[in-house]
Amino acid sequence: MAVTIYNTLSRSKEEFKPGAPPLVTFYVCGPTVYDYIHIGNARVFIVFDVIRRYLEYRGYEVKFIQNYTDIDDKMIKRANEQGIKVSELADRFIKAFEEDVAALHVRPADINPKATEHIPQIIELVERLLQNGYAYISEGDVYYDTAKFPEYGRLTKQKQDELLAGARVEPGEKKRSPLDFVLWKQKKEGEPAWESPWGEGRPGWHIECSAMSMHYMNDILDIHAGGTDLIFPHHENEIAQTWGAEKRPLARYWMHAGYLNIEEQKMSKSLGNVLTVRNLLEEHNPLDLRFLILSAHYRSPLNFNAELVVQSRAGRLRLQEMLVNLLAVFDEAGQSSGEQEQKLRSDLEETKNRFVEAMDDDFNTADAIGVLFDLARNCNIYLKEAHPYNSQLLDEVIQFFRQVNDILDIADISVPESLDKEIAEMITRRDQARAEKDFATADQIRDELQSRGIILEDTPHGTRWKRK
RNA sequence: GGCGACAUAGCCAAGUGGUAAGGCAGAGGACUGCAAAUCCUCCAUCCCCGGUUCGAAUCCGGGUGUCGCCUCCA
């Protein structure tokens, strides 16, 4: 059995064969740091975070790179609007990005290269493209000559003439073809600029990813990923650049995460429906957002609204509760083994297999989560019917779930914080009242606690509590 | 105009030739002092029309609808 990945390049699922296993080089296009990230951005980062973790679970050593685009038109425009330097803007939103993404339990990349810190590598790449005849200088700008690269359009599945048919031609173009794209932009007044063989200027958007991935990986990337909208022109251009310089592909597998829509519509500033992670986290648990995103396949479009978050929360808590319940009875478990144990053990084995099968199949998290629900039910049945429990078996289930949670990161299994003394006393008082069949008092205390966000559960093993 | 994706129950969502996973919501039941949690039961023939096949949600053709890319965009 092997991991299978849907490769945008071939539009089909392929067996995953990295160039130098167990190493996997994985580059995800990162944010342009001119604003807070929105939930659509978050989908991409969450999805590839999980894929990265799963590959590690499967024994690969993943080298994970995610860039920061800290110089481009949007950056300059925004910095000017705010009357600050581009670098200040970048610093501010890189920090915000790191905070938001950490809140969503997305693990930091191994390397976060910034475009502005790789100007020499970018210049060198542009020079090589010029030397190799894949680029030309036009009035101080340097452009990629797409006509020189017959493969241009392969990722997009369009021929050059088809792309040309839809291309927008602007007056005063300095390009030979509308498909050509800028590698180096001549400085305009008030813009940050760097010295180059072509005068002062700055890099075009697409060149940084090629330059930095080549600089840090120095070989074909195993996986290059991003949002669907990066297929054209961004990734198409990256492929062209790397080929022009190295005569080799940029990456083996191209992965693209589907859109996240708001009320069936794409998020956009003009529609005013952009939901930032920052705002959403004020109202929602980050794990609920994660769970919702992972409950659909990463390539499918995913609709998003607050109701869906609430709906998926209920399901997520079901899984979380299962684990909490297992942990709660673990200390009292013994050695018993019988039919119930056999049943659960075989359920567990089946679950493990099905989970890996689902994830191996192009990271089908939706299917994988479905498998976990089946395990949850079987565990609950065991907890209800077996008694006394088998501690080793419980441990195996707990370990499995912890492993899964290390990949998906959807359950909060941190040890509950100790209760306030006052609340603990209230629970004790209620237990006494219940023992004396003074249910009016007991219910009053329960209501009081509920208004403070504490839910009580009376189990055969005593009263448990949890936060709402 | 070119290219592409998708259409599965009230909602979310797997399944890509062998007779519809799972979750949420809902109904009934068990458990409970009552709850909560949990368990049991119930709840779809897969947008439409043709075709291929012993057999199709799954393949092919034709519709309809939604969305996306072709311009910055995750």
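Keep in mind the model is a prediction, meaning the values are calculated, not measured. Residue numbers start from 1 in every chain, and the chains themselves are labelled A, B, ... in the order their sequence lines are given, proteins ahead of strands. Atoms considered below: every heavy atom in the structure, side chains included; atoms not considered: hydrogens, waters and symmetry mates.
When distances run from any side-chain atom of A:Lys157 to the nucleotides B:G23, B:C3, B:C24, the shortest one goes to B:C3. In this structure, of B:A74, B:C24, B:A14, it is B:A14 that holds the atom nearest to the side chain of A:Ser300. With B:G15, B:G68, B:C12 as the choices, the nucleotide that has an atom nearest any side-chain atom of A:Tyr259 turns out to be B:G68. Listed nucleotides B:C69, B:C34, B:A74 differ in distance to A:Phe232; the shortest reach to its side chain belongs to B:C69. Each of B:C39, B:C34, B:A14 was ranked by its minimum atom distance to the side chain of A:Arg318; first place goes to B:C39. Closest contact between the side chain of A:Trp205 and the listed nucleotides B:C72, B:A74, B:G33 involves B:C72. Nearest nucleotide to the A:Arg377 side chain, out of B:A74, B:C40, B:C70: B:C40. Distance from the side chain of A:Gln311 is smallest for B:C11 among the nucleotides B:U38, B:C11, B:A74. Comparing B:C12, B:A74, B:A35 by their nearest atom to the side chain of A:Asp229 picks out B:A74.
With a cut-off of 3.5 Å on both pairing distances, the Watson-Crick or G-U wobble partner of B:U66 is B:A5. Here B:G10 sits opposite B:C24 as a Watson-Crick or G-U wobble pair (both hydrogen-bonding atom distances under 3.5 Å). Under the Watson-Crick and G-U wobble criteria, each requiring two contacts below 3.5 Å, nucleotide B:C39 is paired to B:G29. The partner of B:U58, taking Watson-Crick or G-U wobble pairs whose two distances both stay under 3.5 Å, does not exist in any strand shown.
Taking the ring axis of A:Tyr6 as reference, the NZ or CZ atom of A:Arg299 stays within 45° of it and closer than 6.0 Å to the ring centre. In this structure, A:Arg52 satisfies the cation-pi test against A:Phe64, with its NZ or CZ atom closer than 6.0 Å to the six-membered ring centre and inside 45 degrees of the ring normal.
Look at the P atom in both B:U66 and B:G29: the space between them is 44 Å, to the nearest Å.
Taking 3.5 Å as the limit, the base of B:C34 and the side chain of A:Arg446 contain a donor-acceptor pair of atoms between them.
Closest-nucleotide positions on RNA chain B for A:Arg464 and A:Ala440 were compared, and the one nearer the 5' end corresponds to A:Ala440. In terms of position on RNA chain B, the residue among A:Arg316 and A:Leu302 whose nearest nucleotide sits closer to the 5' end is A:Leu302.
Checked by atom type and distance alone, the side chain of A:Glu332 never pairs as donor or acceptor with a backbone atom of A:Val329 at under 3.5 Å.
Partners of A:Tyr54 under the ring-ring contact (aromatic ring centres under 6.0 Å, His included) rule, at least two apart in sequence or in another chain, are A:Tyr57.
Ring-to-base geometry does not place A:Phe373 in a stacked arrangement with B:G22 (centre distance under 5.5 Å, plane angle under 30° required).
Under the 4.0 Å criterion applied to side-chain N and carboxylate O atoms, A:Arg354 and A:Asp367 are not assigned as salt-bridge partners.
Neither OP1 nor OP2 of B:C34 sits under 4.0 Å from any side-chain N or O of A:Arg434.
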